Amino acid sequence: MEPLLKIEGLSKSYHDLEVLKGVDLTVNKGEVIAIIGPSGTGKSTLLRCINFLEEPTAGIVSIGEDKVESLPQHKKQRTFHPDITKLRTKVGMVFQHFNLWPHMSVLENVMEGPTLIKKKPKAEALEQAKYLLDLVKMGDKADQYPLSLSGGQQQRVAIARALAMEPELMLFDEVTSALDPQLVGEVLEAMTNLAKKGMTMLVVTHEMRFAENVATRVIFMNEGKIAEEGTPEKVFHNPDNPATKSFLSFSK
Ligand code: ADP
Ligand code: MG
């Protein structure tokens, strides 16, 4: 097994509030990690620290060869790491609130990053966008505008758009939480297909059935720490930590 993401001693505080309290996690290529846990426990903060949307207070994040170490504030000599930019190009992220560009068609939304940032030739970006839109079953909506789509359709476009940047790792933060229940399935299906294609994924979710059926590993986060982790079978049916048991009994 080949490690892709390595997190060591990751901590994050906002002023006096210690949100992440030393998280260690290694994710191998092709793993699908479901992250579950009570609200306010640091799940989003963990994802945001992985691509440095938030700067960790301390700890090391490595993706493949690229490594960024965050030093405690008082030791910090500079706040900008050139490596952050490199590390970010390897990570795609999709959030709860799809933020597609409303003035661009679905196709343009997916092509924008590759042409503008990656300087990909237009014909190549177009071919790739069509492939990715087919992958999330949005190929027939390529010329529509985001506001004419359902939330589930928009979210699938957001997934295609993130994939167009050719990330090695995809982060999903409660991507189905804002959707009407009948639209959740189509987004989970797109994510399941992506997992089957071998994408390495970290998925913060309340969808326990998805976590159980698709994840290779489940992480239960509680109070800023990984409180339990294991196979879906283990975490859902035979958890060691009483906090896991209690959380699962409330989320049925
Ligand atoms: P989760 O995703 O598990 O619900 P979060 O990572 O969003 O938890 O938040 C963990 C804690 O950090 C919460 O108490 C939240 O209020 C706090 N928090 C998150 N972001 C910020 C911020 N930018 N400034 C201050 N506090 C924050
Ligand atoms: Mg969250």
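Given the structure is predicted, the values throughout are model-derived calculations rather than measurements. We count ligands from 1, going down the list as the structure has it; atoms in each ligand are counted the same way. Numbers here simply count residues along the sequence, with the first being 1. Just so you know, these numbers use all the heavy atoms, side chains as well, and skip hydrogens, waters and symmetry mates.
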Contact partition for Asp173 relative to ligand 1, non-hydrogen atoms under 4.0 Å: neither

Atom indices of ligand 1 within 4.0 angstrom of Val19 heavy atoms, with elements: 10 (C), 11 (C), 12 (O)

Options Thr45, Leu53, Asn222, ranked by nearest heavy atom to atom 9 (O) of ligand 1, top entry: Thr45

Is Ser44 close enough that one of its N/O/S atoms sits under 2.8 Å from the Mg ion (ligand 2)? yes

Between Lys43 and Asp173, does any side-chain N to carboxylate O distance fall below 4.0 Å? no

Top protein contact for atom 25 (C) of ligand 1, by heavy-atom distance: Tyr14 CG, 3.4 Å

Shortest protein contact, atom 7 (O) of ligand 1 (heavy atom only): Ser44 CB, 3.6 Å

Check ligand 1 against Ser39 and write out every atom of the ligand that is under 4.0 Å from a heavy-atom position of the residue. 4 (O)

Going by the 4.0 angstrom heavy-atom rule, the piece of Thr41 near ligand 1 is both

Which is closest to atom 1 (P) of ligand 1 by heavy-atom distance: Pro38, Gly40, Ser13, Gly37? Gly40

Determine, counting only non-hydrogen atoms of the protein, whether one lies under 4.0 angstrom from atom 11 (C) of ligand 1. yes

Look at Glu65 together with Lys90 and state whether they make a salt bridge at an N to O cut-off of under 4.0 Å. no

Which protein heavy atom lies closest to atom 8 (O) of ligand 1, and at what distance to 0.1 Å? Gly42 N, 3.2 Å

Go through the structure and list residues passing side-chain contact (heavy atoms from CB on, under 4.5 Å) with Met104, not counting sequence neighbours. Trp101, Glu108, Asn109, Glu112

Polar-atom distance check: Leu17 versus ligand 1, any N or O pair below 3.5 Å? no

Please tell me if atom 16 (O) of ligand 1 is touched by the protein, where touching means a protein heavy-atom distance below 4.0 Å. no

With a cut-off of under 6.0 Å to the ring centre and 45° to the axis, is Lys12 in cation-pi contact with Tyr14? yes

Pair Val218, Phe236 - check side-chain contact (heavy atoms from CB on, under 4.5 Å), show working. CA-CA 9 Å; Val218 178; Phe236 285 115; 3.8 Å; yes

Below 4.0 angstrom, N of the basic side chain to O of the carboxylate: do Glu186 and Lys137 qualify? no

When you compare the side chain of Val184 with that of Glu207, does any pair of heavy atoms fall below 4.5 Å? yes

Would you call Thr45 and Arg48 a side-chain contact if the rule is heavy atoms closer than 4.5 Å? no

Does Glu166 pair with Lys118 as a salt bridge, N-O distance under 4.0 Å? yes

